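As the structure is a prediction and not an experimental result, all values here were calculated from the model. The basis for the numbers below is simple: all heavy atoms, side chains too, and nothing from hydrogens, waters or symmetry mates.
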Amino acid sequence: MTAETQNRPAEVSDRPLEIAGKVFRSRLITGTGKYRSFEAMHEALLASGSEMVTVAVRRVNLTDRSPESFHAAIPKHMAILPNTAGCYNLEDALRAARLGREVAQTDWVKLEILGDPATLLPDTAALLEATKILVGEGFKVLPYTNDDPIVARKLEALGAAAVMPLAAPIGSGQGVLNPLNIRLIRESVQSVPLILDAGVGTASDAAIAMELGADGILMNTAIAEARDPAMMAEAMKLAVESGRLAFLAGRMPKRLVGSASSPRAK
């Protein structure tokens with residue numbers, strides 16, 4: 001063994017993202033709303049490298065499989081994740097989840113139950129109840145929640161397939177507003193993936209989220225409303241990858257004063 005080999009740091013290995021027994025090479029999950037055209041959506045989804053895409057059951061006709069349909073614009077390699085977006089009570093969310101299972105032929109669901117139409121923040125009481133019911137019905141539930149570590153632990157205990165706290169309100173593009181809570185959720189939720197959902201605005205936000213220890217990110221508006229959605233999708237792909245690498249590598253400690261990068265020779 002050479003001196004160079006002895007001094008080389010051990011390689012940091014990483015396991016792929018795994019949700020409910022399914023392995024994903026990409027840690028970026030994308031959405032389908034707000035695009036200017038089906039063509040723009042298709043190009044952005046391809047550029048993102050994402051392997052799973054959310055579809056709002058209440059807003060999209062998934063039964064239309066014609067060449068010009070919404071469904072045809074989704075790249076064939078992508079898994080569809082039905083989304084209960086737009087639901088404001090338990091009954092509507094359960095109905096949307098069951099409809100999504102029927103039309104999309106999947107027991108996966110991104111569960112959203114909103115508590116307020118202005119902020120689009122989740123109704124966590126209804127969310128916990130719906131998670132309990134849908135897990136009991138055999139669903140793989142990915143719940144959109146607030147950044148409360150207590151709620152995150154309760155969702156994990158109820159059998160959610162992942163915990164998906166917001167970075168900021170849906171569509172706001174404000175980035176990670178409460179990094180401390182995301183770190184606390186990362187420390188307390190260990191048995192299922194932590195996927196940051198909502199509020200990411202640009203690539204630096206995605207990198208920060210991954211550096212905090214998120215296993216993945218779900219985003220839609222930041223890509224769809226960019227001037228060039230496909231270019232932003234590629235930027236987000238690279239940001240997620242680099243943020244994950246930085247998290248695994250371990251950042252240097254923060255210091256109160258400077259520390260010379262070239263110490264004096266002894």
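- Counting only distance, with no hydrogens or angles, the side chain of T145 and the backbone of M164 share no donor-acceptor pair below 3.5 Å.
- Residues L128 and K132 are not in side-chain contact: their nearest non-hydrogen atoms beyond the backbone lie 4.5 Å or more apart.
- Smallest separation of non-hydrogen atoms from Y144 and D197: CD1-OD2, 3.4 Å.
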Using atom types as modelled, flag every donor-acceptor pair under 3.5 Å from a side chain in residues 203-212 to any protein atom, sequence neighbours excluded.
from: D205; atom 1: OD2; to: G201; atom 2: N; distance (Å): 2.8
from: D205; atom 1: OD2; to: T202; atom 2: N; distance (Å): 3.1

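- Under the 4.5 Å side-chain criterion, counting only non-hydrogen atoms from C-beta, V151 is not in contact with P165.
- Contact check for T84 versus V109: side-chain heavy atoms found under the 4.5 Å cut-off.
- Residues L196 and V176 have side chains in contact (heavy-atom distance under 4.5 Å, counting atoms from C-beta outward).
- Proximity of a side-chain donor or acceptor of E156 to a complementary backbone N or O of Q190 within less than 3.5 Å is detected.
- Residue pairs satisfying the side chain to side chain donor-acceptor pair (under 3.5 Å) criterion with at least one member in residues 230-251, sequence neighbours excluded, are listed as follows: D14-R244.
- Remark: E112 engages K110 in a salt bridge, criterion side-chain N to carboxylate O under 4.0 Å.
- Remark: the backbone N or O of S50 is paired with a side-chain donor or acceptor of H77 at under 3.5 angstrom.
- Listed by first then second residue, pairs satisfying salt bridge (Lys or Arg N to Asp or Glu O under 4.0 Å) with a partner in residues 158-184 number zero, not counting sequence neighbours.
- Panel note: side chain N220, backbone G33; a donor-acceptor pair is recorded below 3.5 Å.
- L28 is listed as a side-chain neighbour of S48, based on a closest heavy-atom distance under 4.5 Å.
- The structure places CD1 of I113 at 14.0 Å from CG of L121, a figure rounded to the nearest 0.5 Å.
- The backbone N or O of D147 sits less than 3.5 Å from a side-chain atom of N181, completing a donor-acceptor pair.
- Two residues are said to be in side-chain contact when any heavy atoms from C-beta on lie closer than 4.5 Å; I217 and R27 fail this criterion.
- Counting heavy atoms from C-beta outward, L114 and C87 have side chains that stay 4.5 Å or more apart.
- Between D123 and Y88, the closest side-chain pair of non-hydrogen atoms is not below 4.5 Å.
- Between K140 and D107 there is a salt bridge, since a side-chain N of the basic residue sits under 4.0 Å from a carboxylate O of the acidic one.
- Here CD of E137 is found 6.0 Å from CZ of R101. Values are rounded to the nearest 0.5 Å.
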